[in-house]
Amino acid sequence: KSRCKHTAFERGAHYHSGSLRAPRAASAGAPFPYSSAPPADWRNVHIFRLTTLAHPPKPRPILPGTRDPLFLTGVTFPPGHPICEETRVKLTVYDLKNPSSETVRRITSRSTRVKGRNILGYTTFSVGDLLKSKEQQLTLSLRTSDGTSTVGAVVVTRLKMGEMEDGEADHIAADVQGQKCTLLCEPAMCSDCFCSKAFCLPPVFENPVCKVYRFQTVDNDWMTVREQMTECTLSFSIPRQLLALYVQEDMGSIEELKNLGELSPHWDNLRKEVIAHYGQVISSYQETLGELTKLTGPSFKPSCCKGQKYLEFVPINLHTQRMHVTCPRKADAFYDVITVGAPAAHFQGFKNGGLQRLLSRYETEKKNTAYQCIYFSPGDTSKAREVLANIGQLQPLILVLADRLLEAAQHGCLDPLKEALQTLSDKTEQFVHALKDELVKTALLALHAARPGYVSRRGPAVCNNAAGGAGAETPPRQDSPMQPQAQDSIPHRSEYDEEEWDRVWANVAKSLNCIIAMVDRLQDHSENNNVGAPATETPTEWQEKLYPLVITLKDCVAEVVDHATKSMAFVLLQEAACSIPQGLLLKQRRDVVFSQALAALTCGFVMKLYAGLEDKGFLQQLHTVGLVAQFESLLSTYSEEIGMLEDMEVGISDLQRVTFRITEAESQDPAHLQPVVSGRRDHYTVEVPLPHETFEALPDEIREGKPLQVYPVLFNVGINEQQTIAERFGDISLQERINQKNFEILDGYYKSLSLPCSQTQTDLKELLETLGQNVVTKKRKNVEILWLAGTICRRLNGIRFTSCKSAKDRTSMSVTLEQCALLRDEHHLNKDYFIRALDCMRREGCRIENVQKNIRCRKYAFNMLQLMAFPKCYRPPEGTYGRVDS
């Protein structure tokens, strides 16, 4: 007969009860997910209010075909309750008559028969007896309610849970022969974490969920595994910052277009059309930003909200997961992974594919049609954006350095003055070099031709004076070569004073040379007098002599910026005019995907930074080479998921435009420790503030603000039933191309490290060779690619990410598999317990809590047919999956 045992506890001396509560579902009518805190899973004995303590409604293992089943279960006494040696505990065991029931009703009667259950027996013991026992356990006989007969036995074991801080942790173990997953101490959601440094949370992480396991090693010792999952406030703060930057940049583009001055009717109509579309994008982004600002509640976007418009910039189900391992014969270690839904534009859909396909199709169409009607190629527009980015970075820097030069002159010391001059000279030369481009001169010529009344020597090929928009232009004949015709439409240089730009550009260098000459003259005077400052000239006079020269330099720089900005804005106007509306829609989609990817990357960077603050080797690697960020994807290359993968590929690649910088926080206030994003679409910088003491301990290069690089790589292997269809009847070339391309990036990063000859370097080289072989091997569902890439990433001190559609089901299978593999390979987990540990984590660990947080149901969204297509090691244990809305 199959039975399932449940226990009830009562407080002995006063008979004030303990209660085991499990509020698994929200109250009726409560909107999900932002109106209330996420549900918690309680197993804490509350000794003053309720009468009994019963297990929460979760599936229990059933042993069919045996009359002597063995079950293990347990509860924790919270440290805040006054349990003493005299406290007596009563255990009551029930026979559950309806094992399919998913709820255990609260006991409301002292009767020996409760609806759906029979009382088998009870026993009592004192806490003092348990503490004084040599084996730290008691074997107690169960007696019937009338006390006349013995019906079984209960073994009560005392288990130390480790150091804790104002909270509890789940404690689970797998150690009994014949049990898939046996529990020594059952889970309890913890609101606080362990005192260990491995569980100290940076201020961007909150709402931790902790689990504790005990597993047996090959030496028959016991290892303790602490698992912690947290939400990240960056899920919302990064998208909010990016939306504000998007709006600011697009508003700046509108101003640049307006500052072009008077244009011919043709170009003026195009400008108005582009400005109107920019306005629509800005209005949409401002509305989304307003909605995000109003949100309160959890710091993550549940998977069931992935299609909501106002949440489309927010990453799906972004969480951190850390596993901390304590072994008797090995130093403690912890392993991190960031789990997030694939960065993709779910609201916009995938009917026509994802970004990679849409952008490729768009660029092809531009080459074949639209760009026959304008001056500049797609390469020119990319160069124009680069020039504008250089202007935005270098002009403010030159102005600041010029003011610093005047401050140094005011103090009358030569060394600071020469140092300030050298820095100013370097940045000014860099500025001049960035603008010394033929494109600027050509664009100025084209802008001159777009003024009202201009007529080219070859006739009005561009229809400058014709009223109407882009449709008013007559496209060239199909039998005419595109490039010669586009060049013929550019006015002849004899009709335009091309020397004007050369003069403006040269004035910057001349004004800088004047400043250099003046400083040399001041230095000569100082040396002739053999003093720190010349006797004939005071520091005030130094500043007075340099001031007009510095003002002239600033004016010349401003004039160059004005010419260059207008010319590049005109280039971008032509591209925008030919790309309306498809180009702007693609830009919006790319903004959405990049926002999700950047939020995940920043979360991973912050977690990795705090974890490695005391590792000198890691910090040196961080500022000399940078970090690799390895994204593992489990998406299939079939149906909608191929569009998600195409979005994800572009979003991860765009992270190459991001650098990080470490700054000193104003205070310890959590508000001052939040990462800050700055820049524009072609380049973003994320500043990560650290407390003063921590910041001061960093290497000089990092403290001086050196940009820190991140190298994102993506590896994808589909594992579900849709991937089976793609491999047999479809196309998996996208997956193969992604894996090959990113392997080359990873291999190049490894070679840039210049590691000293050691066993670690040899192992890494062999792992990379094996990964390279697997990438080119034609093998179905070759998940070894993911395992090798993950191992290499950890050996390279990289940041690990795991993704699927919602980071809930397939991601959970992958994360738990990786954790158990690490326990086996790095901490000698007994091979006989590998599957038990894996099932234990999937059944009772943090990942099932993640499922609960997302869909309010403790079941992975798989069915039996799907699981038949999964690799065996990615299949969850029975009873943990079913058909649910995900």
Side-chain angles (χ1 to χ4, degrees), residues 252-275 278 370-392 395 432 434-470 472-473 483 485-508 556-580 583:
S253 298
I254 291 177
E255 286 301 312
E256 290 171 357
L257 292 175
K258 291 180 177 178
N259 291 336
L260 285 177
E262 191 176 3
L263 297 176
S264 67
H266 166 72
W267 289 112
D268 192 48
N269 287 334
L270 288 178
R271 174 168 59 180
K272 290 177 181 178
E273 188 177 356
V274 171
I275 289 176
Y278 272 130
Y371 269 91
Q372 293 179 1
C373 305
I374 66 173
Y375 297 144
F376 300 102
S377 68
D380 290 334
T381 59
S382 299
K383 183 65 177 178
R385 291 191 180 92
E386 182 181 341
V387 170
L388 288 174
N390 288 329
I391 291 174
Q395 185 194 17
V432 170
L435 297 181
K436 189 179 178 181
D437 195 288
E438 189 68 20
L439 176 62
V440 179
K441 185 182 294 186
T442 305
L444 284 170
L445 185 61
L447 177 59
H448 174 73
R451 300 300 183 190
Y454 179 84
V455 178
S456 167
R457 224 164 66 177
R458 296 184 60 87
V462 192
C463 306
N464 284 340
N465 294 313
E473 297 184 22
Q483 186 66 21
Q485 185 155 355
Q487 292 298 327
D488 287 346
S489 64
I490 297 178
H492 287 272
R493 301 194 174 191
S494 60
E495 301 172 16
Y496 174 69
D497 184 10
E498 63 178 281
E499 294 182 0
E500 179 186 1
W501 169 247
D502 294 333
R503 288 194 299 270
V504 171
W505 173 79
N507 284 340
V508 175
C556 292
V557 168
E559 187 176 9
V560 168
V561 168
D562 179 67
H563 281 68
T565 301
K566 287 180 178 178
S567 64
M568 297 300 97
F570 186 66
V571 174
L572 297 180
L573 166 63
Q574 297 180 77
E575 186 215 24
C578 287
S579 62
I580 291 174

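- Closest approach of Ala558 to Gln395, counting heavy atoms only: CA-NE2, 4.3 Å.
- Closest approach of Ala564 to Leu435, counting heavy atoms only: CB-CD2, 4.1 Å.
- Contact detail for Ala384 and Leu439: the closest heavy-atom pair is N-CD2, 3.9 Å.
- Taking CE of Met568 as the start and OG1 of Thr381 as the end, the distance is 11.0 Å to the nearest 0.5 Å.
- Closest non-hydrogen pair, Val387 versus Ala434, comes out as CG2-O, 4.3 Å.
- When side chains are defined from C-beta on, His563 does not count as touching Val440, because their heavy atoms never get closer than 4.5 Å.
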Residue pair Val571, Leu447: steps toward the side chain to side chain contact (heavy atoms under 4.5 Å, CB included) verdict: CA-CA 9 Å; Val571 174; Leu447 177 59; over 6 Å; no
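- To the nearest 0.5 Å, atoms CD (Glu559) and CZ (Arg503) are separated by 9.5 Å.
- At least one donor-acceptor pair closer than 3.5 Å links the side chain of Asn269 to the backbone N or O of Pro265.
- A distance of 11.0 Å separates CG in Leu270 from NZ in Lys272, rounded to the nearest 0.5 Å.
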CA sep, side-chain torsions, deciding dist, call: Lys258, Ile275, side chain to side chain contact (heavy atoms under 4.5 Å, CB included): CA-CA 9 Å; Lys258 291 180 177 178; Ile275 289 176; 4.1 Å; yes
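- Across Ala450 and Trp267, no two heavy atoms sit closer than the pair CB-CD1, 3.4 Å.
- In this structure the side chain of Asn259 never reaches within 4.5 angstrom of the side chain of Thr565, judged on heavy atoms.
- For the pair Leu263 and Leu260, the tightest heavy-atom approach, listed with the atom from each and the gap, is CD1-CD1, 4.3 Å.
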Evaluation steps, salt bridge (charged side-chain N to carboxylate O under 4.0 Å, His left out), between Asp268 and Arg271: CA-CA 5 Å; Asp268 192 48; Arg271 174 168 59 180; 2.8 Å; yes
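- With contacts defined as side-chain heavy-atom distances shorter than 4.5 Å, the pair Leu388/Glu256 qualifies.
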